[in-house]
Amino acid sequence: MPENQISARFSACKRKLFDTYFSKLNDKQREAVYQVNGPLLILAGAGSGKTTVLVNRLAYLIRYGNAYHDPVVPANAAALLPEMEQALSLEHDALGEYLTRFAVDAPPAWTVMAITFTNKAAREIKERITSIFGEGSTEAAEIMTGTFHSICVRILRQYGSQIGFDRNFTICDTDDVKKQISLCMKQLNIDDKNLPVKTVMTAISHAKDKLIGPTEYAMQAGQDFKYKQIAAIYELYQSKLRSQNLLDFDDIIMQTVRLLTECEDVRANLQRRYRYVCVDEYQDTNYAQLTLTLLLSARYKNIMVVGDDDQSIYKFRGAVIENILNFDQNYDNTAVIKLEENYRSTKTILNAANEVIAHNSGRLGKTLWTGGAEGDKIQIRCLNNQNDEARFIAETVSQKVGRNEAVFKDFAVLYRMNSQSRSIEQTFAKAGIPYRILGGQRFFDRMEVKDIVAYLALINNPSDDLRLRRIINTPRRGIGDKSVQVAESLANAEGCPLLEFMRGVKRYNAISAATANAMVSFVYMIDQFREAAVTKSVTELIEMVIEETGYGKMLSELPDLNEREERRANLDELMNAARQYEEGNEDPSLLTFLEDIALVADVDKYDETADAVVFMTIHSSKGLEFPVVFLPGMEDNIFPSFQTIMNPEEIEEERRLAYVAITRAKRNLIVTHVRERMINGRTSSNPLSRFIGEIPDTLKDVTEDPQNAADLRQRMPRPPKAKPVNQFVEQTKKPMNTMANIAKKASDAAPADTFASGDRVKHMTFGEGTVLAAKPMGADILYEIAFDSAGTKKLMATYAKLKKI
DNA sequence: AGCTAAAATGTTTTT
DNA sequence: CATTTTAGCT
């Protein structure tokens, strides 16, 4: 055989072997997996198997390097051929093992960095890599994975001292930032009536997203009064963060970029180490993050970014959609691969999504398709008000579960804003349908949790005046706001942290002896905690803090029983979190525990296995999928939100959000809107969302709610507004916490009468009817009832409120 | 200092 | 409407 023929056969056979090994992927996906060198942009539509590609590509890279495209043919190629032909029939794992002989330039796992959008995604990558390489393999642990924030924190802890950061720095959340800024504004005598704190916050945050420091900001402000003020606040704010060894979310990225720009050796070090850089959800990166990826990948230019311009929904947070649109302008010879085959949704859902997003301009242009089934039409339902809407959703869920068409965890309720969850939540609680809420108030944002965490932060970093201020008088120690202010200005004058200043506070007469004593004993207490922190575990430390600060006692003295129990339960949950952290971490420390708390999002804790309906915002749902998706509140002014309605660019962002929402659904999409809705105590009526109008009628199944409950209510005069009798006052407790947010069971509610088939019953809205069947379901009973005038319905006993007649 | 009651105010989305 | 901030009182 001539040599060139052997080469050709060898290469073809090698590629055939790899294609066989990756036969579960489609052609485009495989192309992406094999493309490991040079800049690569993967445009991955919703549900196109993006994570699968990412994981397989990482695994391929680490195991085989550039084997598929390697042009080199071994000298013994001819001898290898028969054996290779045989290898085609090997089973999957054995084939994977066999293929390692073709590996070329396979990089060690620790030279690979994979940046994801959520910690959950990072964890998923690690898990799937582990399952490919086998239990006990080290590759997954060696790959540098995490969010931009978590990776940057790791870099800053290691090298931050070179730009003046102590490695014990703590991270401020949004709340802390707000407090700090309003403190700065007070110090500068800027009235927050004219310049709201929130405005300043977003201005500073966006400046940092664009890598604009205080000096440059002041220059850009020129003579503009408002911007000059913001510039002054920015400068003061930044110096305060610096002296307290604090970083806000945006600093984490900006300071890392600064580190890499200013310190040549660190930059060279990292550039040499990370030969391969992958970035997920690239459409949601901001300028600072773009710069960071450019810096990291500058040496080898082996950068892969995955994203979908149609799913760019974080502009308000500084995301720049142009980052993905113009990716190829940053690198020469960028390869672009589009993944357009959808493995998630039915044809109907996908077509609806395509139609909606087609109304946007400035897209890279992609059309998703699927070989899957046509599926049901999209249900559009108009209800009278948000209570009916909630009831409709609850009813639909229990019907489908009752008919064994689905289990609770198959359902997701996705909304535009967190406040929409309330009415649905209450209805679900009453109906005894298990549910979980993601987002809204984060667990770690609860007051009592933040208080205890503030103690921990102070123990970790004694120069954290912000946290000190928070807890100096919680529980009450007789140290009032005025004394703190005096102490703070004196401490500022001396240039020492507040805590250190308080140690010697008795030298000053400006603070009363009683207060000074209280301050000194507070300092001693913190000293003891700091000593204890060296030997004790985080869990033990938390326990100690709760006891010895008197915080536990303070909670136990709360007058309201519910509140007392809830807060106590939240602290128990905090201890649980600490315990879990310690169990799941190789070398747990207070420092990394605090970091975990600061950088963990609610979605990160979303647990697919618990059987409960899940509620979350559409933003949080990105990357997830559910068999049945409800989209309540699909009304103009809600979604699209009223503040975007005048601005075509922002409407496009809302439309992308609608696209994300629709593409979360695998089987069924159920859209609801209402005739009138209560917002801030005012009722308002909104037309059906324009985005639903953009879906062709052939894909929709529109039902106007025939049960006109509003008419019914009008005919029945409302009972006079009597003072509520205690036992009828509804317990509208907030969810216990987001970590273990399984709704209370129906058994909490008043026991309903039970009925048997054949009984005559009366329902509040449907009137009289005959029970056809009764099916026990968990703690509840599902009745099928033939109503005399309303037809046959399936209802849950606990919330149907049936009366025997 | 610390409590209570009245007034103000806010509604997008989040690492 | 619901929560947070502030003013006034003890």
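If you're wondering where the values come from, they're calculated on a predicted model, not measured in any experiment. Protein chains get the first letters and strands the later ones, always in sequence-line order, with residue 1 at the start of each.
Remark: A:Asp308 does not engage A:Lys50 in a salt bridge, criterion side-chain N to carboxylate O under 4.0 Å. With salt bridges taken as basic N to acidic carboxylate O contacts below 4.0 Å, none links A:Arg664 and A:Glu625. Look at A:Glu694 and A:Arg690 and you find no salt bridge, because none of the NZ, NE, NH1 or NH2 atoms lies under 4.0 Å from a carboxylate O. For A:Lys315 and A:Glu650, the salt-bridge test fails: no basic side-chain N is under 4.0 Å from an acidic carboxylate O.
Put simply, CG on A:Leu247 is 14 Å from C1' on B:dT15, counting in whole angstrom units. Between A:Asn385 atom CG and C:dC1 atom P there is a gap of 14 Å when expressed in whole angstrom units. A:Ile253 has its CD1 atom 13 Å from the C1' atom of B:dT14, to the nearest Å. Rounding to whole angstrom units, CG of residue A:Asp251 and C1' of B:dT15 are separated by 14 Å. In this structure, the NZ atom of A:Lys178 is 11 Å from the C1' atom of B:dT9, given to the nearest Å. When the P atom of B:dT12 is taken as reference, atom CG of A:Asp636 falls 17 Å away, rounded to whole Å. Atom P of nucleotide B:dT12 and atom CZ of A:Arg656 are separated by 18 Å, given to the nearest angstrom. Atom pair A:Gln420:CD and B:dT13:P shows a separation of 9 Å (rounding to whole Å applied).
Looking at heavy-atom distances under 4.0 Å, A:Lys622 makes no contact with the nucleic acid at all. Among the protein residues, A:Phe639 comes within range of no part of the nucleic acid, since none of its heavy atoms lies under 4.0 Å from any strand. A:Asn119 comes within 4.0 angstrom of no nucleic acid atom, judged by non-hydrogen atoms across all strands. Residue A:Asp173 is out of contact with every strand shown, counting any heavy-atom pair closer than 4.0 Å.
Remark: the A:Asn323 side chain and the A:Thr285 side chain contain an N/O donor-acceptor pair separated by less than 3.5 Å. Checking A:Glu676 against A:Asn385 by side-chain atom types alone, no donor-acceptor pair falls below 3.5 Å. Of the N and O atoms on the side chains of A:Ser423 and A:Asn387, not one donor lies less than 3.5 Å from an acceptor on the other residue.
When each of B:dT13, B:dT12, C:dA2 is scored by its nearest atom to the side-chain atoms of A:Ser641, the top-ranked nucleotide is B:dT12. Checked against B:dA1, C:dC1, B:dT14, the side chain of A:Asn418 finds its nearest nucleotide in B:dT14. Set against B:dT12, B:dT15, C:dC1, the side chain of A:Thr147 has B:dT15 as its closest nucleotide. Each of B:dT13, C:dA2, B:dT15 was ranked by its minimum atom distance to the side chain of A:Arg317; first place goes to B:dT15.
A tilted orientation is assigned to the rings of A:Tyr581 and A:Phe593, their planes being inclined by 30° to 60°.
For A:Thr617, a side-chain nitrogen or oxygen approaches OP1 or OP2 of B:dT14 to under 4.0 Å. Proximity of A:Ser483 to the phosphate of B:dA1: a side-chain N or O atom is located under 4.0 Å from OP1 or OP2. Taking side-chain N and O atoms only, A:Thr174 has no distance below 4.0 Å to OP1 or OP2 of B:dT15. Proximity of A:Asn473 to the phosphate of B:dG2: a side-chain N or O atom is located under 4.0 Å from OP1 or OP2.
Checking A:Lys482 against A:Leu599, the closest nucleotide of DNA chain B that is more toward the 5' end is the one next to A:Lys482. Map A:Arg477 and A:His619 each onto its nearest nucleotide of DNA chain B; the residue landing nearer the 5' end is A:Arg477.
Side-chain contact check for A:Phe522 versus A:Ile472: some heavy-atom pair is nearer than 4.5 Å. Within the 4.5 Å cutoff, side-chain heavy atoms of A:Leu260 are placed close to those of A:Leu296.
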For this session: List the steps, then state whether side chain to side chain donor-acceptor pair (under 3.5 Å) holds for A:Asn461 with A:Gln244.
Result: CA-CA 8 Å; A:Asn461 171 13; A:Gln244 293 175 61; over 6 Å; no
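The aromatic ring of A:Phe316 does not stack onto the base of B:dT12, failing the criterion of a centre distance under 5.5 Å from the six-membered base ring together with planes under 30° apart.
Taking a 4.0 Å limit (strictly below) on heavy-atom distances, residues 149-160 of chain A reaches DNA chain B at A:His149.
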Name the pairs: protein N/O against N/O of nucleotides 3-6 of chain B, kept only if under 3.5 Å.
from, atom 1, to, atom 2, distance (Å)
B:dC3, OP2, A:Arg476, NH1, 2.2

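Base pairing of B:dT13: no nucleotide in any strand meets the Watson-Crick or G-U wobble criterion (both distances under 3.5 Å). Pairing for C:dT5 goes to B:dA6, judged as Watson-Crick or G-U wobble with the two contacts each under 3.5 Å.
Rounded to whole Å, the P atom of B:dT13 lies 15 Å from the corresponding atom of C:dT4.
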